[in-house]
Number of protein chains: 2
Amino acid sequence: MTTISDIARLASVGVGTVSRVISGKGSVSEKTRTRVLEVMKELDYRPNGVARSLASRKSNSIGVMVPEFQGRYFGRLIAQVEKFFRAENRHILVASGSGGATGERDAINYLRSWDCDGLILYSTEMSNDEIVCLAEAFPNIALVNRLVEPVRDHCFYIDHVAGGEMAARRLLKAGHGRIACITGPMTKDDARARQSGFEMELTRHGLLDLIKVEGNYTYESGAMCMSKLWENRKWEFTAIFCGNDEMAIGALFKLAELGVRVPDDVSIVGYDNSQLSFHTFPKLTTIMNPVPDIAANAANFIRNTCYEHNIQVKNALKPALVERDSVRDL
Amino acid sequence: MTTISDIARLASVGVGTVSRVISGKGSVSEKTRTRVLEVMKELDYRPNGVARSLASRKSNSIGVMVPEFQGRYFGRLIAQVEKFFRAENRHILVASGSGGATGERDAINYLRSWDCDGLILYSTEMSNDEIVCLAEAFPNIALVNRLVEPVRDHCFYIDHVAGGEMAARRLLKAGHGRIACITGPMTKDDARARQSGFEMELTRHGLLDLIKVEGNYTYESGAMCMSKLWENRKWEFTAIFCGNDEMAIGALFKLAELGVRVPDDVSIVGYDNSQLSFHTFPKLTTIMNPVPDIAANAANFIRNTCYEHNIQVKNALKPALVERDSVRDL
DNA sequence: GTGAAAGCGCTAACAC
DNA sequence: GTGTTAGCGCTTTCAC
């Protein structure tokens, strides 16, 4: 392996000089600079990042922790964050917190042990207290898709109440008055927020009753809830709001089996704008998670705290309605 | 930040001893060991991975390069690889080669600069020559989803010819005799292999002519090719083989618009077993990419070369048919 | 079983 | 402008 002193020796300069041409900091005469560069090229020299990081106490890399690598959502998040940092020649370290709080803790420890300058965390399992502790010990931290009150400046989250309201407004606008809901698991903050935004908006328009079934965000549960809704429907609904797209697609599938046409017989609004929602028939009207916004704001927050930027950031990001073909105007 | 010498001082031992209890190598008396462990816990000591890596010339982490983070495929690959290494307390570094050969080179250089013990690469843009060069300079390398002849031991790829044959056999078994194809881009090795396997199997059964249109693997192109096929169909086909699921779903969508029923009027076989294929109506019969196999074999290859394992690995992995609802038996 | 000391490849401070 | 040198936090001999 070629090291900096090999280069220094062959170029007949000191290691300090080589270091200066590598980093571009400090001044080097054009002549020496060229010579050093030549030797570097010739030997295919690649500065050792580990040593640089250790010596400078700065790794120029930021750690990203996601619950898992699968799923379109996390991929998009990672991709977006990476784009930002790659643009300024920094890198990201990715770790998955697969499997509960312990996994997440491990992943974070790993990231910290590699001297990440900053951390972007999508933690679903760790407790609020633990996160507050972490943020005290290591302030260069951005929390994604989660609001932890004591450290709200570090949080970049979606205003799901607003999202629920948007869904409701769309259905109201189309003239639907009898609406069913397939909600996400009520143990989850985001599921509750979506639903409460939805119901609040309905209430504001004088629509006080609706029927709902609780699912668990999976395709299967969507189909099952749909069956339930359909079997004992003394209550004739014309539209369904689903807590996420997967369940909406499960419902869509069940409806197709039942011979019910969407949107002719019943309208559906999903939530998440997942890739799937674009590939169904009919294409799903849904609420878009502003992943790029979240990623951008979290990344900028880290750039501010770690790399002396001074960019305005927004913590609560608004979702948006994506109009497609699953809602029919009455 | 707590360092190893802080621990040594507080536990009244030398740094060497602390190092031994951290690594578990060498012998330490039970008494000292306990004391050191206590101090470590008390100070929330986290060994610095960067320093360890530099000192030991071994990072216990392996680099993974994928073309992009989005898409189900890469997520699954990364997740699988990570599972293997996490199980033995090692970690993965992920980088995306977004944007052509340069991006891939950058990503690989980055991974190497961090002293990765081994590399698992999903390169789509770099030339064979360049890969051979790389493999000479750095032999701890596994190539995923690609066959580069001179270094075939390092390659873990799918036998797409076999996949094409499977698709053909399924359709043949159902009694289809007039078949249309929406192929992937013929510039791509895998698209050609899929198609040639398909055609070879047909030929073996005496079916010599078929109609085909070339797509580019996207949803949109699937829909467009389907239109083309449908418009000027002097040729009455009863089945379609698509080069991947995305195009198959595009075709499905177009067919639904056209009022053509699947599989009643026409059968479809896709390729890839993407998540999407499970969420369509009807569910898509398709060919499964053995991602877990690929990941496992590539990971084991690296474990053999980097970490003294001795596991049997297979280079050419066979896909499999996934039977669902888009093929009708005539 | 344990401590001291010499690096790992680099940066940064300091002399010149 | 440039070379020298002292670390960065750790592992790994090598004595004891």
Side-chain angles (χ1 to χ4, degrees), chain A residues 1-37 39-40 43-61 89-91 109-117, chain B residues 1-37 39-40 43-61 89-91 109-117:
Chain A
M1 179 190 223
T2 319
T3 73
I4 197 172
S5 40
D6 294 335
I7 304 295
R9 193 160 12 85
L10 269 97
S12 319
V13 295
V15 292
T17 306
V18 179
S19 177
R20 267 170 238 126
V21 348
I22 294 174
S23 67
K25 293 180 200 157
S27 45
V28 186
S29 80
E30 202 41 43
K31 233 181 58 192
T32 355
R33 169 187 196 67
T34 323
R35 188 148 37 91
V36 171
L37 248 17
V39 179
M40 281 175 30
L43 271 65
D44 186 31
Y45 170 67
R46 222 184 323 276
N48 182 315
V50 176
R52 295 184 80 173
S53 169
L54 182 58
S56 64
R57 316 275 24 205
K58 201 174 221 335
S59 63
N60 274 318
S61 65
N89 224 332
R90 302 188 211 273
H91 291 272
N109 281 337
Y110 166 66
L111 260 16
R112 291 182 66 187
S113 83
W114 280 95
D115 267 0
C116 285
D117 298 333
Chain B
M1 178 191 224
T2 319
T3 73
I4 197 172
S5 41
D6 295 335
I7 305 294
R9 192 159 11 84
L10 270 97
S12 321
V13 295
V15 292
T17 306
V18 179
S19 176
R20 268 170 238 127
V21 348
I22 294 173
S23 67
K25 291 179 200 158
S27 46
V28 185
S29 79
E30 202 41 44
K31 233 181 60 193
T32 347
R33 167 186 198 68
T34 322
R35 187 147 37 90
V36 171
L37 249 17
V39 178
M40 281 175 32
L43 271 65
D44 186 30
Y45 169 66
R46 222 183 324 276
N48 182 316
V50 176
R52 295 184 80 173
S53 169
L54 182 59
S56 65
R57 316 273 25 204
K58 201 175 220 337
S59 63
N60 274 318
S61 64
N89 225 332
R90 301 188 212 274
H91 292 273
N109 281 337
Y110 167 65
L111 260 16
R112 290 183 67 187
S113 83
W114 280 95
D115 266 2
C116 285
D117 298 333

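Each chain gets a letter, A, B and so on, in the order the sequences are listed, and its residues count up from 1. Values below: every heavy atom of this structure, side chains too, minus hydrogens, waters and symmetry copies.
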>> Students often mix this up, so state it plainly: with edges at 30° and 60°, are the rings of B:Trp114 and A:Trp114 parallel, tilted or perpendicular?
In response: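 Perpendicular: the ring planes of B:Trp114 and A:Trp114 meet at over 60°.
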>> Could you work out, with side chain to side chain donor-acceptor pair (under 3.5 Å) as the rule, every residue matching B:Arg9, not counting sequence neighbours?
In response: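 B:Arg9 satisfies side chain to side chain donor-acceptor pair (under 3.5 Å) with B:Asp6 only.
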>> B:Arg112: which residues meet the side chain to side chain donor-acceptor pair (under 3.5 Å) condition with it, sequence neighbours left out?
In response: none
>> So if I take the C1' atoms of five pairs at each end of the helix from C:dG1-D:dC16 to C:dC16-D:dG1 and get each local axis, what angle do the two axes make, rounded to 10 degrees?
In response: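 Inter-axis angle at the ends, rounded: 40°.
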>> With rounding to the nearest 0.5 angstrom, report the CG to OH distance, B:Leu10 to B:Tyr45.
In response: 13.0 Å
> When rounded to the nearest 0.5 angstrom, what is the spacing between CG in A:Asn89 and CG in A:Asn60?
Replying inline: 8.0 Å
> B:Arg20: what forms a salt bridge (Lys or Arg N to Asp or Glu O under 4.0 Å) with it, not counting sequence neighbours?
Replying inline: none
>> Quick one: does any side-chain atom of A:Ser23 pair with a main-chain N or O of A:Ser19 as donor and acceptor, under 3.5 Å?
In response: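 Checking the backbone N and O of A:Ser19 against the side chain of A:Ser23, a donor-acceptor pair under 3.5 Å is found.
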> Can you find a pair of side-chain heavy atoms, one from A:Pro47 and one from A:Met40, that are under 4.5 Å apart?
Replying inline: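 SC-SC contact between A:Pro47 and A:Met40 ruled out.
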>> Please classify the nucleic acid contact of B:Ser12 as base, sugar-phosphate, or nothing, using heavy-atom distances under 4.0 Å.
In response: sugar-phosphate
>> Could you walk me through whether A:Thr17 and A:Val28 satisfy the side chain to side chain contact (heavy atoms under 4.5 Å, CB included) test, starting with their C-alpha distance in whole Å, then the side-chain angles of each, then the deciding distance to 0.1 Å, before giving a yes or no?
In response: CA-CA 7 Å; A:Thr17 306; A:Val28 186; 4.0 Å; yes
> Would one find more than 12 heavy atoms of other residues, nucleotides or ligands at under 6.0 Å from atom NZ of B:Lys25?
Replying inline: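 12 or below, so no.
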> 5' to 3' on DNA chain C, which nucleotides open and close the contacts with chain B (atom under 4.0 Å from a heavy atom)?
Replying inline: C:dG1 to C:dG9
> In whole Å, what is the span from the CH2 atom of A:Trp114 to the C1' atom of D:dC8?
Replying inline: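 After rounding, the gap between these two atoms is 14 Å.
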>> Return a single string for nucleotides 9-16 of chain D, one symbol per nucleotide in 5' to 3' order, where B is base contact, S is sugar-phosphate-only contact and - is none, cutoff 4.0 angstrom on heavy atoms.
In response: BBBB----
